[in-house]
Engineer: 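Here it is, the structure, as structure tokens.
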Amino acid sequence: MKCREISSDGDVTVRITQCGHIDTNVGFIENRARGEALLIDAPFGAFDASVRILSAGVKPVAVLFTHCHWDHIGDAHIFRKLGAKMYAHRLDRPWIEHPQMMALVSGIDEQFVPCAIDVDVDDGDVLDINGWLRIMCRWCPGHAAGDLIFHMENLRCVFTGDTLFRGCIGRTDLPGGDEKLLISGIRDKIFRLPDDTIVIPGHGGTTTVCGEKIGNESLM
Ligand SMILES: [Zn+2]
Ligand SMILES: [Zn+2]
């Protein structure tokens, strides 16, 4: 499992690695000087990865969920037990709080531990993580009902979950799926970000806003 540095600004570094059954990208945004980190998604294996990737003494203080699907949530309960706050859209909250329901719908034979959500996130919310990280949140549904994208302007990156991938878009045949809504959300909310913004999807390689405007075949 490789860990890759995506960007940095002062004491803050963004790294990603892949965890779980279908190589879900997990984002680690760490402020070494403050001894705090934030995760984007927490699939199975994310806790072990955090021990390896985060600098000594750095504590995860928050987990932000791009959406509720089983491949993004398996280790969330571990981080919450250790004191991290959980952030998700209210439409995806029930699936994370009752994950066996999600496992059943997805036909996944895995034991999930429920994880309570502490903060409901909605379109346009700007999160301030303990004064060192500002995150613009947009609701971009159509893959799931509660898809969120997280833009960190100073770090020049956006986490798009399973809405937008390098060269394609997320599937829309699961509960809450809606292709028209997904495509309009990508155009209105992701493609209006600066062209050089690094796009970090829920799976697969990273790309840029400009690269997807030009080269995404699902949007031609
Ligand atoms: Zn998904
Ligand atoms: Zn996924």
Side-chain angles (χ1 to χ4, degrees), residues 1-4 6 15-28 39-50 63-77 79 86-115 117 121 123 137-150 157-186 189-190 198-207 212 216 218-219:
M1 195 195 312
K2 272 185 266 165
C3 167
R4 195 154 74 82
I6 301 294
R15 299 188 186 89
I16 60 167
T17 193
Q18 289 76 45
C19 297
H21 306 49
I22 50 172
D23 288 342
T24 304
N25 285 327
V26 184
F28 296 89
L39 269 76
I40 306 292
D41 289 337
F44 289 120
F47 178 69
D48 285 351
S50 76
V63 177
L64 274 56
F65 294 100
T66 59
H67 65 302
C68 62
H69 287 157
W70 68 271
D71 54 312
H72 297 255
I73 66 171
D75 272 5
H77 64 105
F79 291 101
M86 303 290 136
Y87 296 72
H89 192 276
R90 70 187 151 74
L91 293 177
D92 275 16
R93 170 197 273 256
W95 298 97
I96 300 168
E97 295 189 335
H98 306 282
Q100 282 312 125
M101 207 163 73
M102 167 58 59
L104 211 67
V105 169
S106 315
I108 301 302
D109 185 20
E110 271 287 353
Q111 278 309 309
F112 287 86
V113 177
C115 178
I117 298 299
V121 180
D123 192 43
C137 307
R138 302 302 307 266
W139 179 44
C140 190
H143 167 68
D147 291 302
L148 291 168
I149 63 166
F150 302 114
C157 65
V158 60
F159 286 85
T160 58
D162 291 359
T163 64
L164 177 68
F165 299 112
R166 187 169 67 191
C168 62
I169 63 170
R171 59 188 285 190
T172 52
D173 58 335
L174 298 167
D178 183 326
E179 191 179 0
K180 253 177 110 174
L181 203 59
L182 180 62
I183 290 175
S184 67
I186 290 170
K189 296 176 181 180
I190 300 176
I198 301 163
V199 173
I200 306 167
H203 305 271
T206 59
T207 176
E212 293 316 297
N216 193 306
S218 306
L219 299 166

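Since this is a predicted model, take the numbers as computed values, not measurements. Remember, it's 1-based here, ligands and their atoms both numbered in the order they're listed.
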Engineer: Kindly indicate whether the side chain of Thr160, heavy atoms from C-beta on, has any atom under 4.5 Å from the side chain of Ile200.
Structural biologist: no
Engineer: Side chain to side chain donor-acceptor pair (under 3.5 Å) for Asp123 and His89? Distances and angles first, verdict last.
Structural biologist: CA-CA 9 Å; Asp123 192 43; His89 192 276; over 6 Å; no
Engineer: Is His72 close enough that one of its N/O/S atoms sits under 2.8 Å from the Zn ion (ligand 1)?
Structural biologist: no
Engineer: So, do Pro114 and His98 sit near enough that their side-chain heavy atoms are less than 4.5 Å apart?
Structural biologist: no
Engineer: Please calculate the ND1(His69)-the Zn ion (ligand 1)-OD2(Asp162) angle and round it to 10 degrees.
Structural biologist: 170°
Engineer: Between NE2 of His203 and OD2 of Asp71, what angle is found at the Zn ion (ligand 2), rounded to 10 degrees?
Structural biologist: 90°
Engineer: So how far is it from Asp147 CG to Lys189 NZ, rounded to the nearest 0.5 Å?
Structural biologist: 10.5 Å
